[in-house]
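First comes the structure, then the notes that go with it.
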Amino acid sequence: MSTTNWGDTREVTAPADFHVHLRDGALSRLVTPHVHKGGFYLAYVMPNLVPPITTTRMAMEYQKKLRENSGSTKVEFLMTLYLSDDLYPSDVKNWKAAGIIGVKSYPRGVTTNSDQGIESYDKYDELFKEMEAHSIVLNLHGEIPSDHSKNTCVLNAEERFLPVLADLAEKYPKLRIVLEHATTEAAVKAVMACGDNVACTITAHHLTLTVDDWAGQSFHFCKPVAKFPSDRLALQEAIKSGNKKFFLGSDSAPHPSLSKSTATPTSGCAAGVYTSPILLPLVAHLLDSFGAIDRLADFTSNFGRAFYQIPLASHAPKVVVQKVQGVTVQAEYSSEEKAVVPFWASRSIDWQIVNVEE
Ligand code: DOR
Ligand code: ZN
């Protein structure tokens, strides 16, 4: 249901990705430049390294490395801490000055590097109150761990998390909370039912994948898994409606090709879909496919910035994308040390970046 013609253009001022994994070491050196390559000027960086980022010092050192790796001085890296017992309420007041914008919570065991994740939110009451007072955002990986005695598995793990979101939003009405990478109609409804302190990121890949795409295709396997066609439609409709609570967080999560493709009987494949290098054209293509191309700038910059209170600078760069007849996505990105396969490898995207104002 495209609403555009070949040659049509759209402009976005300083596109912002409010959820991205930039890794460390050789993989980070390979993938960090792809933020800018994909058309983005702001990266909200996830802290699930090994060991996780739990101190301002670690975050600042990590930010410095990312700037060095970036290849562009224009990309802003916003840092987060990993929710754990290593975070102290008395420190929160110093976080803003150290560039910390948010705290990411991973329920234990639900995804990549979540072994040190949390088991209860109650014990963080004091921390959340301080975060509320000092305007630090809480980012939620919204799944509960699988528990077969309760019939919980990857297909209902997000929906069963939603009461936690509602409780937190009510208990801390001034704490800004983001439900990350929503995948279900239930999540969209739950976010809409919460107050203005709650927003929600949506990835590019969840706008197109369903269960059928990852069952048997490891490069489409990510957490939370893509759900039903009706869920995908709800995500698309949330964007199309222009509701400012919903904005882009790519959850671009690179893993070396081998960890994606070599599952054995005792070890599965790594969870994560890699979209950074193609992100803005991909999002334009997808929004166009369901009649929402006119929401491109709101979804990829304005709404996220408004929620995070990160206004555009007066000289902020503009990126123009144009509808073209098919650009083939590279099969792999590699350095001497690492190789990663992007989402939609060898497939074709109908939008491309034609002009970047530095
Ligand atoms: O698919 C995912 N990959 N989901 C996450 O929550 C984490 C991420 C990763 O770090 O690889
Ligand atoms: Zn993530």
Side-chain angles (χ1 to χ4, degrees), residues 16-25 27-28 30-32 34-35 40 43-53 62 66 77-84 101-118 137-146 154-155 157-158 161 178-184 187 199-211 213-215 217-227 247-261 263 267-276 279 304 338 340-343:
D17 181 356
F18 279 99
H19 182 138
V20 58
H21 297 267
L22 295 176
R23 311 306 193 204
D24 55 9
L27 188 53
S28 185
L30 173 63
V31 303
T32 307
H34 294 170
V35 172
F40 282 75
Y44 189 80
V45 183
M46 290 299 116
N48 63 333
L49 303 186
V50 185
I53 304 286
Y62 186 32
L66 294 174
F77 296 99
L78 303 184
M79 307 313 287
T80 58
L81 297 177
Y82 190 106
L83 182 60
S84 73
I101 308 292
V103 169
K104 176 74 188 287
S105 111
Y106 290 93
R108 186 164 300 180
V110 295
T111 188
T112 311
N113 302 342
S114 61
D115 320 353
Q116 298 189 47
I118 66 153
V137 172
L138 176 64
N139 303 97
L140 298 172
H141 182 113
E143 290 188 292
I144 60 167
S146 290
V154 293
L155 286 181
E158 180 176 275
F161 176 84
V178 183
L179 178 68
E180 298 295 335
H181 40 53
T183 60
T184 54
C200 177
T201 53
I202 295 178
T203 75
H205 49 280
H206 287 123
L207 294 173
T208 177
L209 300 176
T210 67
V211 174
D213 298 292
W214 59 259
Q217 215 305 16
S218 59
F219 284 91
H220 293 162
F221 175 63
C222 61
K223 294 297 302 292
V225 297
K227 307 291 189 315
F247 50 83
L248 177 71
S250 72
D251 198 20
S252 175
H255 289 275
S257 311
L258 282 179
S259 11
K260 289 295 290 176
S261 60
S267 70
C269 77
V273 167
Y274 187 47
T275 49
S276 258
L279 192 55
K338 296 281 172 192
V340 285
V341 174
F343 186 55

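Each ligand, and each atom within it, is numbered from 1 in the order the structure gives.
Taking the side chain as every heavy atom from C-beta outward, Ser252 and Phe40 never approach each other to under 4.5 Å.
Using a 3.5 Å distance cut-off with no hydrogens or angles, the side chains of Asp213 and His220 do not pair a donor with an acceptor. Under 3.5 Å, the side chains of Lys227 and Thr184 contain no donor-acceptor pair of N or O atoms. Neither side chain, Thr203 nor Asp251, offers a donor N or O lying under 3.5 Å from an acceptor on the other. Looking at Asn48 and His21, their side chains do bring a donor and an acceptor atom within 3.5 Å of each other. Checked by atom type, the side-chain pair Ser257/Ser261 shows no donor-acceptor distance below 3.5 Å. A donor-acceptor contact under 3.5 angstrom links the side chains of Tyr274 and His34, judged on distance only. Donor-acceptor pairing under 3.5 Å is recorded for the side chains of Glu180 and His19.
At a threshold of 2.8 Å, the Zn ion (ligand 2) has no backbone or side-chain N, O or S atom of His181 nearer than that distance.
Considering backbone and side-chain N/O atoms, Phe221 never comes within less than 3.5 Å of an N/O atom of ligand 1.
Numbered from 1 in the order shown, with element, the atoms of ligand 1 that lie under 4.0 Å from a heavy atom of His141 read 6 (O). Interface atoms of ligand 1 facing Ala253, defined by a heavy-atom separation under 4.0 Å, are 3 (N), 8 (C), 9 (C), 11 (O).
In this structure, the protein non-hydrogen atom closest to atom 3 (N) of ligand 1 is Ala271 O, 3.0 Å. Looking only at protein heavy atoms, the nearest one to atom 1 (O) of ligand 1 is Lys223 N, 2.8 Å. Shortest contact from atom 5 (C) of ligand 1 to any protein heavy atom: Thr111 OG1, 3.0 Å.
Contact annotation for Met46 and ligand 1: no heavy atom of the residue comes within less than 4.0 Å of the ligand. Contacts of Cys222 with ligand 1, taken as heavy-atom pairs under 4.0 Å, involve both backbone and side chain. Only the side chain of Asn48 comes within 4.0 Å of ligand 1, counting heavy atoms alone; its backbone N, CA, C and O stay farther away.
At least one heavy atom of Arg23 lies less than 4.0 angstrom from ligand 1. Residue-ligand proximity: Glu180 is placed with every non-hydrogen atom at 4.0 Å or more from ligand 1.
Vertex the Zn ion (ligand 2), arms ending at OD1 of Asp251 and NE2 of His19: the angle is 90° after rounding to 10 degrees.
For the residue pair Asn139 and Gly102, the shortest heavy atom distance occurs at OD1-CA, 3.9 Å.
The closest approach of His21 to the Zn ion (ligand 2), by N/O/S atoms, is made by NE2.
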